[in-house]
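In what follows, a structure is listed as structure tokens, so that the remarks can point back to it.
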Amino acid sequence: WNAWRKRRFGQATADLMEPPAVNESAEANEFASEVMRDYHRTLRDHLHVIGVKVPITGHNSPYHTPDIKAQEEMDFVSLHYYYELQSFGPNRPEFRIPPGKGTAFSHIAATKVAGKPYILTEYNFPWANDYRCEGMPLIAAYLSLADYDGVLHFAFTGGWGMNYEDWDAKYPMIFWHTQMPNDPPLWGQFRSGAAMFLGGAILPSKLVACVDYTASNSFLPWAEEDFSAYGHLPFLMRVERRFFDAKTPLSYKPDFHLTPATGIDAFAASLEGERETLGKKIKGMIADKFLTSDTGEIHFDYATGVLTINAP
């Protein structure tokens with residue numbers, strides 16, 4: 001900690017300060033982010049040297065910006081996402097919630113790093129939510145729009161020590177909330193979900209919005225983070241983040257550059273002044289509680305709770 005402070009700020013280490021708690025300050029988060037980045041880089045390099053061929057990621061829960069930044073040098077970025085996991089309430093219908101930080105795809109989109117492969121390595125809308133069947137079409141549709149690289153539904157069976165041999169365990173498998181054999185309403189959705197995501201039935205977005213992070217807002221304490229850019233926009237186009245010192249070159253040019261605090265109204269208004277044609281196009285994709293993807297195939301009416309997919 002003191003060596004890092006001296007290197008970062010040129011401060012002497014005579015007063016041996018104890019490292020602050022993570023998320024106590026931006027300085028503490030920057031230090032923790034660099035420690036995690038270096039640790040993961042060491043593991044990645046070692047595994048590559050000994051001949052491991054599979055892509056290597058850091059971990060599966062980078063939910064906040066300093067943590068996401070620590071993953072940007074890995075082979076790919078991974079995320080686990082569960083809608084209302086184990087909460088058994090408040091039993092909310094995802095299709096009726098205004099897009100924002102608390103909704104499924106807004107949350108998922110906030111962890112996409114520009115130029116990096118992205119895999120949702122676990123996801124589920126587990127029971128006891130009465131609306132869990134919304135998960136499969138929503139995830140398949142919007143992951144296809146964002147052109148992500150993979151998604152794994154968790155789980156067919158097993159996981160967390162629950163196997164077919166555990167019928168007499170404290171938590172019998174029949175009640176385990178993520179197990180596929182326990183949830184017949186989802187069984188018939190896999191064929192359509194696979195057709196959408198693996199079969200390319202839904203077109204990827206034509207537009208890319210890049211949320212640019214500076215040194216001043218990459219390490220903020222979690223309570224100070226602004227996720228406005230990840231509210232409505234991921235339902236319109238591909239949205240990804242890029243950090244001020246990113247080393248991965250992009251093979252494409254983003255259509256828009258945003259700040260983390262760019263909300264949908266400010267985005268549309270600024271585009272109309274800066275790029276009249278694109279601005280009008282974006283505004284045409286936004287109506288009162290109704291969002292249409294830039295491809296014109298996905299229509300999300302969160303006032304009535306209806307998701308319509310008009311794919312060939």
Side-chain angles (χ1 to χ4, degrees), residues 76-83 93-100 103-125 131-154 185-210 229-241 251-252 254-256 264 278 281-287 289-312:
F76 73 99
V77 176
S78 163
L79 181 73
H80 289 185
Y81 181 83
Y82 293 84
Y83 183 61
E94 169 74 10
F95 281 8
R96 296 294 294 272
I97 302 174
T103 56
F105 194 65
S106 298
H107 186 111
I108 293 167
T111 59
K112 175 67 171 75
V113 177
K116 281 291 177 181
Y118 184 93
I119 300 176
L120 193 60
T121 45
E122 286 186 18
Y123 102 91
N124 203 334
F125 279 52
Y131 306 96
R132 64 193 181 280
C133 288
E134 297 174 342
M136 183 72 73
L138 183 140
I139 291 294
Y142 285 109
L143 263 62
S144 298
L145 180 71
D147 200 21
Y148 290 168
D149 298 280
V151 54
L152 300 173
H153 184 95
F154 189 90
L186 292 181
W187 296 352
Q189 295 194 43
F190 273 84
R191 184 176 180 85
S192 60
M196 281 192 277
F197 185 76
L198 298 176
I202 296 178
L203 292 173
S205 174
K206 303 172 185 176
L207 302 175
V208 179
C210 188
Y230 308 106
H232 296 70
L233 291 179
F235 295 86
L236 309 180
M237 66 188 73
R238 192 169 102 210
V239 180
E240 52 195 25
R241 62 170 74 209
S251 60
Y252 53 90
D255 297 280
F256 314 113
I264 190 67
L278 288 175
K281 181 174 182 178
I282 296 299
K283 295 190 81 171
M285 294 157 58
I286 307 165
K289 298 183 179 180
F290 193 94
L291 303 171
T292 300
S293 67
D294 70 331
T295 60
E297 292 185 342
I298 309 174
H299 308 274
F300 184 25
D301 183 347
Y302 56 91
T304 60
V306 174
L307 178 71
T308 305
I309 303 170
N310 293 323

When you measure from the side chain of [X] to the backbone of [Y], do you find a donor-acceptor pair of N or O atoms at a distance under 3.5 Å?
X    : Y    : value
D301 : V306 : no
D294 : K206 : yes
H232 : A229 : no
S205 : L207 : yes
E240 : V208 : no

Please tell me if the side chains of [X] and [Y] come closer than 4.5 Å, counting only heavy atoms from C-beta onward.
X    : Y    : answer
Y302 : P99  : yes
H299 : T292 : yes
I139 : I108 : yes
I286 : L236 : yes
F105 : L143 : yes
L291 : I298 : no
P98  : K289 : no

In Å, rounded to the nearest 0.5 Å, how long is the span from [atom1] of [X] to [atom2] of [Y]?
X    : Y    : atom1 : atom2 : answer
D149 : L120 : CG    : CG    : 11.5 Å
S293 : I309 : OG    : CD1   : 9.5 Å
E134 : L307 : CD    : CG    : 9.0 Å
T295 : M285 : OG1   : CE    : 8.0 Å
C133 : L138 : SG    : CG    : 13.0 Å
H80  : L152 : NE2   : CG    : 8.0 Å

Nearest heavy-atom neighbours spanning I202 and S144: CB-CB, 3.8 Å

Minimal non-hydrogen separation, A104 against F125, with atom names: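 Looking at all heavy atoms of both residues, the shortest contact is CB-CZ, 3.7 Å.
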
Worked check of side-chain contact (heavy atoms from CB on, under 4.5 Å) between Y123 and H153: CA-CA 5 Å; Y123 102 91; H153 184 95; 3.6 Å; yes

Chi angles and distances behind the side-chain contact (heavy atoms from CB on, under 4.5 Å) call for M196, Y142: CA-CA 10 Å; M196 281 192 277; Y142 285 109; over 6 Å; no

Residues E94, Y131; criterion side-chain hydrogen bond (donor to acceptor under 3.5 Å, both in side chains); working and verdict: CA-CA 7 Å; E94 169 74 10; Y131 306 96; over 6 Å; no

Aromatic ring pairing Y81/H107, orientation class (parallel under 30°, perpendicular over 60°, tilted between):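 Answer is tilted, since the angle falls between 30° and 60°.
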
Worked verdict on R132 versus Y83 for side-chain contact (heavy atoms from CB on, under 4.5 Å): CA-CA 8 Å; R132 64 193 181 280; Y83 183 61; over 6 Å; no

Face-on cation placement of R238 at Y118 ring, 6.0 Å and 45° thresholds: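 No, a cation-pi geometry is absent between R238 and Y118.
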
Pair F197-V151, side-chain contact (heavy atoms from CB on, under 4.5 Å): steps then yes or no: CA-CA 9 Å; F197 185 76; V151 54; 3.8 Å; yes

